[in-house]
Each structure stands twice: as structure tokens, then as C-alpha cells.
Amino acid sequence: MSDDKKLTPRATDFSAWYNEVVLRAELADYSPVRGCMVIRPDGYGIWERMQRALDDMFKATGHRNAYFPLFIPESFLTKEAEHVEGFAPELAIVTHGGGKALEEPLVVRPTSETVIYAMFAKWVQSHRDLPLLINQWANVVRWEMRTRLFLRTLEFLWQEGHTAHATHDEAEEETRRMLGVYRTFMEGWMAMPVVTGQKSESEKFAGALRTFSCEAMMQDNKALQAGTSHNLGQNFAKAFDLKFQTESGGTDYAWNTSWGVSTRLIGGLIMTHGDDVGVRIPPRLAPTEVVIVPIWRADEEKTRVLETANQIRTDLENRQRGTEGRVRVHLDARENMKPGAKYYEWEMRGVPVRMELGPRDLTNQQAVLVRRDTKEKTPVAFAELGVAVERLLDVIQQDMLNTAKERREQNSLRGNITYEKFREVMAGEGAFVYAGWCGGDACEAQIKEETKATIRVLPDEEFRSPEAPTHCLRCGQPATTEAVWAKAY
RNA sequence: CGGGAUGUGGCUCAGCUUGGUAGAGCGCUUGACUGGGGGUCAAGAGGUCGUGGGUUCAAAUCCCGCCAUCCCGACCA
């Protein structure tokens, strides 16, 4: 950074921009332990709003929260063969406690399928105990080699839903339902459009029958897996003896699902909406929606301006806004900073609306509203402020989604594409490429090897191309399915 | 774990080649003026130079070890 007040532009170095923005907007900081992070109040505030929105949706779909332990007996992990294999390299294992070597090492949970289904096995006897719909908010640990703030850290916060059902179809329905909840949240709250679909065999969760995911496009045209939902089949039920008595009197293993999103979403939010001035937070997730910046010269002006500013804040806070609750307003009355410096600071932090209020405005009985997303300034009469602010927040929320969606579509390629062209795109600016796939592991592996691009999803119907691709991108054989290819985080 | 780089006030870094008084900008504190897009001036506070050893009359500087961080590769939400 030559000018240490400005961020490295996204176009110059996207990952340098990302790191700077996270640190400068005070969302997170590095911890004393390599690969771990501290989530600072402004970052955690976003997470809290995410939690609230998601938790409400989980409850509305019949789930209840519970909490399972951080420590898992090592032997539990080894009970489901594929599952162990998937996680073994990234486990943190506790071997000592109370000054003595433990008889059996304890794994710090990388995910909780094993403990949870072991417990489910105790709780479920009859089909009348099903479905069992549980969610937990927790931290998990995966010993990653390379880490990045929010996107991949050794420890992260997430939510993991775990359910048990009487039939495969019910489990499948649940898996899809929760994928839909995620999509609703990502688009409606995060203003982050996603492509949903099924993961290929090689990309699915270790131990699952099928994995579905929401994939979002970041501003460097790379894909971020933003949420996953797994149909676990009876794999874990068999490993943990999770059986129930059926209506007809027989016994059967239960069918499980699990689904999760993590603090990684915050990284996705930043990389979807951030600009060269800082982060941009969509109103529904912004801990502060409106910041009032008062302007004054003489003391006499200061008194009048602050008095009015306080009044406006109170008025806004007291408005009834349905499910959205109170308008979250902050009055920045710091005396040691000039208004301009405050503007830059709040833009860096991503507050969606700034209200400027000075002596001239008092005279005109108005305030100036400034949108963080477009920088557009509009004077609004005091009498209409409340309505105008609410409407503006809604418009910003909607516009941010539309803008992100347009960007994604502009950077998506459909239709017949030669492998040569594909390699060129992946080596250059990147894209979501919708192309045919023969379904073969070999082609998938070769493409990954040659271009670093992977199958993000086999897209759900609404995302598929109007004309289905006919040939495999790599081998030219008839395509069995359409796949979305991209480089991924 | 392989390749590359870097460790010096809170932050970004200069100083190291050629050993000899520890520096700058930003930030911070106090005060005054200032205030509609990153203010000015004045006075201050703040550093075992990553760490351990070695060479030397003398080490931020030269040599060796270790540690940490960052970037690039093999693994991944």
C-alpha cells in the first residue's frame, strides 16, 4: 500500500484487498495461534444477525437446538469408514488430561455426526420418535494447512443440523428443504445469489449418500461453497446402531441428514459485496443500518445539530417495522474527527446508510441520506425521514442482490465451449462454466489436474441451460448431465 | 512437508552492503485553532531491534541454530 489510507484495489490483488478489508473494517484479527482468528465485535455482530435469521428459520421448520460435547472418543470417528478417511488428516487430538495420558484419545470435533447419532440411538426406539430434528450452534476444528480469515481457519463457528427419519424419501425431502432454507437466507438476507445443486461423487461429504450445496460467485469469479446439506442415508445409523421399530412391527435403521453453514459466510459476504472503499453490508445483516454524522462549526451550532440528531435517532428507533424490529441507528458524535474522516470510516465498515446533518440542513428542515452501495446522496425533509430511511434500506437490500446476480450472470458461460477455450478462461479471469459431463471420474480428475477447476454442482433444474449440453467438456462423449465448473475457495 | 521472502515503537517501513548516539511516516496522549469528503500547529508518551548462541573493545548490522509470520505448491467448509 503506497497510500496507507487506501485499500489495495480489488483489480490489483484480490486476496490482498480481502485481507486488508477484513483487518481494516475490524471484522477480525489474527490470533496468537497460527491459523486461528479472533472475530471482533463488528464481525461477530454480523454473525449474530446471521444466527438469528437462520435460527428462526430452523425453528419454523420444526428443529430444536441442543448441544453436544466438543470432545469425541477417537473410536467413534473410525466407526464409519468413509467418514474417518475423509477427516483423518485434519483432526486435532487430545492425548492428555489432568496431567495424565488418556486411555483413549479424544478428537476435537471436526463435525458431530458420530456423537450425535450415538446419542440418537439411545433416544429413538419407535417410529413414533421420528422424525428427530436437532440443530446445534458450535465451534469445530479442522487442522487445515493453509488458512485465510473467515474462509478457512483451524477453528470456526457454525451450525450443524442433524435429523433422523423413518424413510429415505423423508430424509431426502429434509435435505432439500434445508438447502432451500439456506438459499432463502443467502439471497434474502446476505443478498448473495447462489446456484444450488448436487455435488459429484468426488466432492460429496465423506459418509454421505448425496451432498447438495449452495455455490456463490465471488468478485474474482471463484466459487465459494456457502452451505451444504447431506442425505446421509443409513450409513451412520448402521455404524451407531440407530434403529427403530416400524409401524408394521419390524426394525429398520433410521435415515439421517446433516446440514451446515459457518462463519465462512462472512467471508462470502465480503467477497460478494465489498468494493475498493471497504466492506458493504446488506441492511438486514448490518449491526448498524444507519449512521448519523453531525456537522457543526461553532458551539452554538453543535448544540442545535446534536439535539436534532438525537431526536432523529430516537424517532427512527421507535418506528415499528414489522419483523425487522427497530431501525439500528448510531449517532457518531465524536468531536475529534472531522465529518469527512467519519465518512471514510463508516464506508470502510460498510454501514448501508449514512445520514449527514448540519446547520444548513436544520435551516432547510432536512437531512442528507447517502447510500453506501451507490454513494448516491438524497436530501429528505424531516417529516419524511422515517419512511424514506425504511424504504431506502429495502431498496439497498434488493439492489445489492440484483447487482450481485447480474455480475454472476455476466461471468457465467453457457452453451458449447471447447476445452481449449475453457482452459483459457480458467487460466484467465475465471467463470462459472455450464458444460456437459460424461459422468466419468477420469474426466473430472483430469480437468481438475489441468485447470484447477472443479465441478461445483450438478445444477438444479432452474439453473440449467435452456438447451442441455450434449457432449462432455473433456472427452467429447455424450453428456449424461450438465455441470457447473469453476475454481473454488 | 518442499521452494521463496520477512521479523526494528500500536501499524507500515528505513537503517544492515562498509559494526560505533535507534530513526521516519501514520496512529496514540494533551492543548489550541478547525469542522458539508481523510485538518493545522505546539508539546509529549512509546522500542530487551523475533529468539538462543558465536565473532569483536563494540552487534539492529557479520556467522550459526531455533521460532514465528506471509507468499507459492501437495490437503480442504
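In what follows, chains are A, B, ... by sequence order, proteins preceding strands, each numbered from 1.
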Return yes when atom CZ of R334(A) has more than 12 non-hydrogen atoms of other residues, nucleotides or ligands closer than 6.0 Å, and no otherwise. yes
In terms of relative ring orientation, are W437(A) and W485(A) parallel, tilted or perpendicular, with 30° and 60° separating the classes? perpendicular
May I ask you to verify if any side-chain N or O of K342(A) is less than 4.0 angstrom from the OP1 or OP2 atom of G36(B)? no
Can you establish whether the number of heavy atoms outside Q446(A) located under 6.0 Å from its atom CD is more than 12? yes
Choose from C71(B), G36(B), G73(B) the nucleotide whose nearest atom is closest to any side-chain atom of N19(A). C71(B)
Atom P, compared across C41(B) and C26(B): separation rounded to whole Å: 9 Å
Against the six-membered ring of W189(A), is R284(A) placed for a cation-pi contact (under 6.0 Å from the centre, within 45° of the normal)? yes
Please report the distance separating the P of A5(B) from the corresponding atom of G44(B), rounded so that it comes out in whole Å. 43 Å
Compare the minimum distances between each of A74(B), G37(B), G39(B) and the side chain of V370(A), then state the nucleotide with the smallest one. G37(B)
Testing G36(B), G37(B), G35(B) for proximity to the side chain of K377(A), the answer is G37(B)
Distance check, P atoms only: A59(B) and U17(B), in whole angstrom units. 14 Å
Determine the contact category for Q225(A): base if any of its heavy atoms lies under 4.0 Å from a base atom, sugar-phosphate if only primed atoms, P, OP1 or OP2 are that close, otherwise nothing. sugar-phosphate
Measuring from the side chain of D361(A) (C-beta onward, heavy atoms only), which nucleotide among G35(B), G36(B), G38(B) has the closest atom? G36(B)
For E215(A), answer base if it contacts any base atom (sugar-phosphate contacts may also be present), sugar-phosphate if it contacts only those atoms, and nothing otherwise; contact means non-hydrogen atoms under 4.0 Å. nothing
Among the nucleotides G36(B), G38(B), A74(B), whichever has the atom closest to the side chain of V368(A) is G36(B)
Classify T153(A) by what it touches in the nucleic acid, base, sugar-phosphate, or nothing, heavy-atom distance under 4.0 Å. base
What's F156(A) touching, base or sugar-phosphate or nothing? Going by heavy atoms closer than 4.0 Å. base
Is U21(B) in the syn or the anti form, by the rule that syn lies within 90° of 0? syn
F76(A) ring center within less than 6.0 Å of F240(A) ring center: yes
Got a donor-acceptor pair under 3.5 Å from the side chain of R354(A) to the base of G37(B)? yes
R456(A) side chain to T454(A) side chain, donor-acceptor N/O pair below 3.5 angstrom: yes
Take atom P in G25(B) and the same atom in A14(B), then report the distance between them in whole Å. 16 Å
Donor/acceptor link under 3.5 angstrom from E345(A) side chain onto base of G37(B): no
Would you please confirm or rule out a distance under 4.0 Å between OP1 or OP2 of G37(B) and any side-chain N or O of K6(A)? no
Using atom P in both nucleotides, what's the gap between G65(B) and G3(B) to the nearest angstrom? 14 Å
Counting only heavy atoms not in K448(A) (residues, nucleotides, ligands), do more than 12 fall under 6.0 Å from its NZ? no
With centres under 5.5 Å and planes under 30°, do Y344(A) and G38(B) count as stacked? yes
Represent RNA chain B in dot-bracket notation, 5' to 3'. Only Watson-Crick or G-U wobble pairs with both distances under 3.5 Å count; pseudoknot-style crossings use [ ] and interstrand partners use |. (((((((..((((......[..)))).((((((.....)))))).....(((((..]....))))))))))))....
Remember a base hit wins even if backbone is also touched, and classify E335(A) as base, sugar-phosphate or nothing at under 4.0 Å, heavy atoms. base
I295(A) side chain: which of C70(B), C75(B), G36(B) is closest? G36(B)
W143(A), CH2 atom: more than 12 neighbouring heavy atoms under 6.0 Å: no
